[in-house]
Amino acid sequence: MKNNLYIYNALNRKKEKFEPINPPFVGMYVCGPTVYGDSHLGHARPAITFDLVFRYLKHLGYKVRYVRNITDVGHLVNDADEGEDKIAKKAKLEQVEPMEIVQKYTNSYHKNMEQLNTLRPSIEPHASAHIIEQAEMAKKILENGFAYEVNGSVYFDVAKYSKKYNYGKLSGRILDDLQSNTRELEGQSEKKNPFDFALWKKAMPEHIMRWPSEWSIGFPGWHLECSVMSTKYLGDKFDIHGGGLDLQFPHHECEIAQSKAANGYDSVKYWMHNNLITLDGQKMSKSLGNFIMLDEMFSGDHELLEQAYSPQVVKFFMLQAHYRNPLDFSNKALKAAQKGLERLMNGISALDKIKPAKNSSFDVNIIKNKSYEALNDDLNTPILIAHLFDGIKKINSVIAGTETINENDLSELKALYNIMFFEILGLTNDSESSSSNGKLDDVMNLLLNLRTDAKKNKDFETSDKIRDKLNEIGITVKDKKDGFEWEIKQL
RNA sequence: GGUCACGUAGCCAAGUGGUUAGGCAGCGGUCUGCAAAACCGUCUACAGCGGUUCGAAUCCGCUCGUGACCUCCA
């Protein structure tokens, strides 16, 4: 399996050639959501980023197993090791079973991800279904001497681990700095050091999500689930581990430590992180309360939104920035993305109207090669999209008569847009379904033919009235030399 | 306070030693009954100050500004 793909590996902080451990197989694990609430804009970014990775690797011919977990236990509200479980807290609030919460928000996550046209992962494991494996891993770390038990809880001994391995190598942190900078929080007295983290927590009486173990009736620590589920389904060593940049420390750092402490090696070859979405320059976060739900984006029902933005617009907006750079949300930028996407889609539909000439006045292969170059350079979608726009300009020029294209190049170009736009970027033309309504077509043809008659009779008052009223309804009419075109406006 | 990023035209956003990124908006033109769409043209920037270099937005230093992580978050 040949490829020329370079991806940025957070472990070494540079772009590296992508060479899977066992080609043609590729294993990719991505940290999924903790399902205790509806998905917000921030959830869309890793989903879109790693969907792109998934799609491109498949396009290159790899057999990709994409595992993305559902966190439904062990993720606590306040501190990693103290406080209420997020799921349990929400369950209490909504007066339902914890697993009802899990199901409800898993469903809503799936719905949003489908709207964004991201592919389902190959396996979507739940943390709560892997309690035994998590306890086993904790035991292994304990046996290897990198953890200690206190009052039924098991903690990872970071200081001891650091003597043998490098804790902080992923996030570039130095233990001494952590030591002097970690805040002292209440209830951490059990731990030898404040930066130690829980592998197993004894459940307090009010804690309803609990399982038996040899140490206590309790629940696993948050970081353990990803170490366990990734290797269970992808093998001891696998290719790509992804997630949001905010998870780099401590979550991913702890995963590395757990793997090394248990097995003596890091399981992951390439660590990839998508950067975050900001709102007015600030990260969206629960504590600041400045986050927008995906449902609100799609409906426009939020005080910060000037209009609704379709899932495709939101996706395109994100793909126009590189995944490793922060992206600031604004109505202005979203609207620009919407216009740009329309231009791109109109151009792609226009491909079908082109009549091929004998010769081509431009080189389709250049666009094609540059598109692949962009993807191979750490999935540089902004560059890819720029080249796609260049192609659209050529397409429009052919229609305008200033460029020509031959039959062979035309089918090459069509294939290219199918691959890049639909298959790899995973964008869709969501107006297509509505325009394939036969009866509506008939009605529109009737109406617009009447308008054409009015125009012939120089009755522009009537023709403009039809066009303006249709526009109000949400249908754009475009006059052509030899007739007319109409389309249902997208949000 | 510690660690790490970033600062690119009106807005968004790539690039990262020499060559037009791209999109949106604006302006002028072509087309059109008028629009819309499209095409052609135009506007052409790299926070500031020093340094390295034949050459720097790109490398180095300092200054200013913004943000992230260090605590749950994608």
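Computed from heavy atoms alone, side chains included, the values below leave out hydrogens, waters and symmetry copies. Order of the sequence lines sets the chain letters (A, B, ...), proteins ahead of strands, with each chain counted from 1.
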Would you indicate what [X] reaches in the nucleic acid, counting non-hydrogen atoms under 4.0 angstrom: base, sugar-phosphate, or nothing?
X: A:L327; answer: sugar-phosphate
X: A:F460; answer: base
X: A:S463; answer: base
X: A:A386; answer: base
X: A:N396; answer: sugar-phosphate
X: A:G42; answer: base
X: A:K393; answer: sugar-phosphate

Given [options], identify the nucleotide with an atom nearest to the side chain of [X].
X: A:K478; options: B:G10, B:A37, B:A14; value: B:A37
X: A:T402; options: B:G10, B:C39, B:A74; value: B:C39
X: A:K339; options: B:A74, B:A25, B:A35; value: B:A25
X: A:R467; options: B:A14, B:A74, B:A35; value: B:A35
X: A:R343; options: B:C72, B:G23, B:A74; value: B:G23
X: A:L276; options: B:C12, B:A68, B:A14; value: B:A68

Note: for A:R45 and A:A336 on RNA chain B, the residue whose nearest nucleotide lies more 5' is A:A336
Pairwise 5' ranking along RNA chain B for A:N325 and A:I385, keeping only the more 5' one:
A:N325
Considering every strand shown, what is the Watson-Crick or G-U wobble mate of [N] when both distances are under 3.5 Å?
N: B:C62; answer: B:G48
N: B:G17; answer: none
N: B:A57; answer: none
N: B:G33; answer: none
N: B:G1; answer: B:C70
N: B:C24; answer: B:G10

Check: B:G33 base within 3.5 Å donor-acceptor of A:D464 side chain
yes
Distance-only donor-acceptor test (3.5 Å): side chain A:D479, base B:C34
yes
When rounded to the nearest Å, what value does the distance between [atom1] atoms of [N] and [M] take?
N: B:C12; M: B:A45; atom1: C1'; result: 14 Å
N: B:U32; M: B:G7; atom1: C1'; result: 45 Å
N: B:U53; M: B:A68; atom1: C1'; result: 34 Å
N: B:A9; M: B:C43; atom1: C1'; result: 9 Å
N: B:U52; M: B:C59; atom1: C1'; result: 8 Å
N: B:A47; M: B:U66; atom1: C1'; result: 11 Å
N: B:C60; M: B:U71; atom1: C1'; result: 36 Å
N: B:G48; M: B:C64; atom1: C1'; result: 7 Å

Measure [atom1]/[X] against [atom2]/[N] and give the value in whole Å, please.
X: A:F484; N: B:C34; atom1: CZ; atom2: P; answer: 20 Å
X: A:E225; N: B:A74; atom1: CD; atom2: P; answer: 11 Å
X: A:F329; N: B:G67; atom1: CZ; atom2: P; answer: 18 Å
X: A:D246; N: B:C70; atom1: CG; atom2: C1'; answer: 13 Å
X: A:L334; N: B:C11; atom1: CG; atom2: P; answer: 17 Å
X: A:R451; N: B:A35; atom1: CZ; atom2: P; answer: 14 Å
X: A:F317; N: B:G23; atom1: CZ; atom2: P; answer: 17 Å
X: A:D51; N: B:A74; atom1: CG; atom2: C1'; answer: 15 Å

Once you round to the nearest 0.5 Å, how far does CD1 of A:I475 lie from CH2 of A:W486?
6.0 Å
Looking at A:K394 and A:D390, is any side-chain nitrogen of the basic one under 4.0 Å from a carboxylate oxygen of the acidic one?
no
Would you call A:E253-A:K169 a salt bridge at under 4.0 Å N-O?
no
Is the ring centre of [X] less than 6.0 Å from the ring centre of [Y]?
X: A:H322; Y: A:Y8; answer: no
X: A:Y161; Y: A:Y165; answer: yes
X: A:F50; Y: A:Y66; answer: no

When you look at NZ of A:K414, are more than 12 heavy atoms from neighbouring residues, nucleotides or ligands closer to it than 6.0 Å?
yes
Counting heavy atoms not belonging to A:K465, are there more than 12 under 6.0 Å from its NZ?
no
State whether A:N380 places a side-chain N or O below 4.0 Å from either non-bridging phosphate oxygen (OP1 or OP2) of B:G15.
yes
Looking at A:R13, I'd like to know whether one of its side-chain N or O atoms comes within less than 4.0 Å of OP1 or OP2 on B:C4.
no
Under the 6.0 Å and 45° cation-pi test, does A:R451 pair with A:F484?
no
